[in-house]
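Heads up, the thing below is written out as structure tokens.
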Amino acid sequence: MTVYSGPVFEMAVNQFNVIANHLEIPFDERDRILMPKRAVTVSCPIHRDDGSVAVFEGYRVQHHLTMGPTKGGTRFAPSVDIGEVAALAIWMSWKCALVGLPYGGAKGGVNVDLSTISRRELESLSRRYMQEMIPFVGPHTDVMAPDMGTNEQVMAWFMDTYSMYQGQTVTEIVTGKPVSNGGTLGRREATGRGVAHLSKRVMKELNIDPHKATAVIQGFGNVGSYAALELYQFGLKVTAVSDHTGALHDANGLDIPALIRHASTHGSIAGFSNQLAFDPAEVLTLPCTVLVPAALERVIDAKTAENLKCRILAEGANGPTTPEADLVLDKRRDEIFVIPDILCNSGGVVVSYFEWVQDLQQLFWEEEEVTRREYQILNRAFDQMLARAGTDKISHRTAAMAIGVEKVRAAKNTRGLFP
Ligand code: NAD
């Protein structure tokens with residue numbers, strides 16, 4: 001038992017053990033690579049609109065500071081606990097190392113149901129959370145970004161709160177900011193674009209004609225909506241989409257630009273069409289070419305994995321597939337091409353890295369340059385993953401994670417015990 005114990009953390013531990021066994025890492029080295037360097041829990045009291053005071057619990061976990069600052073998103077959701085945050089921080093470390101960024105992983109979050117707070121209360125909570133984090137973060141210590149339930153506006157409040165404390169504007173303290181506050185062009189679209197880019201690469205490898213292909217997307221927030229749009233523009237029919245309010249299905253293909261307009265006005269896909277309403281529980285197992293889980297973790301368990309009818313599983317979300325499901329997918333390797341989360345959704349942190357670099361240098365790039373460099377990094381990591389999976393005869397996830405874990409291990413071993 002550790003302070004992190006819980007289902008999501010156990011999943012990160014189990015995945016790591018598979019990699020550590022594969023790499024034959026000695027047992028006395030494993031905890032040092034796996035266990036987070038530090039974790040902070042804070043209380044965030046705010047005034048509610050009715051004058052009362054409510055206290056929310058917030059967390060930040062920094063996995064390792066061996067290769068540079070830590071980097072990771074901040075999640076505002078009712079599911080958030082320290083174990084989930086720790087698991088997400090660990091996955092960020094493997095991801096950053098896989099794609100070659102000079103970061104360790106971090107993650108943070110506040111346990112809050114956003115449907116129960118107003119916009120003013122959200123601003124108070126965001127500012128209070130950052131205020132509590134000031135002793136633990138910094139542009140060269142730990143750089144935050146958005147995740148589920150947070151967005152550009154929340155990042156702007158974080159940046160403003162940190163900057164007011166420093167007495168100067170410190171744009172490089174967070175990424176995923178509005179462009180008007182030092183954000184980069186192409187960050188909003190980066191994760192979904194990366195998911196779509198890698199899906200297209202796999203379609204090419206498998207000789208699939210995009211105009212005869214279909215896509216199904218679970219989650220229609222930042223990642224899901226941009227992945228859907230890119231695939232739609234590439235010629236695929238997006239036949240089903242779901243979010244926390246329900247699902248829509250149209251065998252002829254949904255009008256994704258119209259759905260994005262609807263969701264940005266109404267906050268969800270609810271009310272777009274009664275005729276197209278569909279059972280959200282059946283979305284993941286619909287027949288399709290590309291399946292993109294882009295909402296929560298652990299949505300694909302062993303039973304769902306048995307029933308998947310996609311050709312490509314493009315993991316937009318973090319941790320959507322359980323280790324038990326991985327065993328099933330291993331057996332179905334010839335039927336389903338898995339693009340594992342730490343590669344598939346890494347476009348987000350890659351462009352966050354570009355944003356940090358641009359802020360530090362105060363030299364800003366064109367969107368075309370951002371996206372071209374994003375795809376270049378994704379292509380390199382994809383090639384490395386495929387090559388490793390081929391030589392070691394292992395799954396794509398094991399290959400991707402092995403590359404990440406190896407890099408962190410090498411950096412730790414050459415530096416010494418301290419970082
Ligand atoms: P978001 O808050 O913008 O969107 C989340 C979406 O999931 C919403 O549409 C929500 O309605 C939907 N959802 C919630 N519960 C659901 C359920 N039970 N069934 C179906 N849909 C449900 O979040 P996001 O930033 O798009 O993140 C989604 C996932 O992608 C998370 O796992 C996140 O960690 C991961 N991710 C995000 C980024 C990024 O840049 N935003 C980068 C890498 C990974």
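Keep in mind that what you see is a predicted model, and the values were worked out from it rather than measured. Just so you know, ligand 1 is whichever comes first in the structure, and atom 1 is the first atom listed for that ligand.
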Tell me if the centroids of the rings in H266 and F272 come within less than 6.0 Å of each other. no
For the atom pair CE (M144) and NZ (K71), what is the distance rounded to the nearest 0.5 Å? 10.0 Å
NZ/NE/NH1/NH2 to OD/OE distance under 4.0 Å, D383 and R201: yes
Would E367 and R193 pass as an ion pair if we require N to O under 4.0 Å? yes
Does a side-chain N-to-carboxylate-O contact under 4.0 Å join E123 and R119? no
For R397, is there an ion pair with D341 - N to carboxylate O distance below 4.0 angstrom? yes
The protein residues that pass the under-4.0 Å heavy-atom test against ligand 1 are R75, D147, M148, G149, R187, T191, Q218, G219, F220, G221, N222, V223, S242, D243, H244, A294, A295, L296, G316, A317, N318, N345
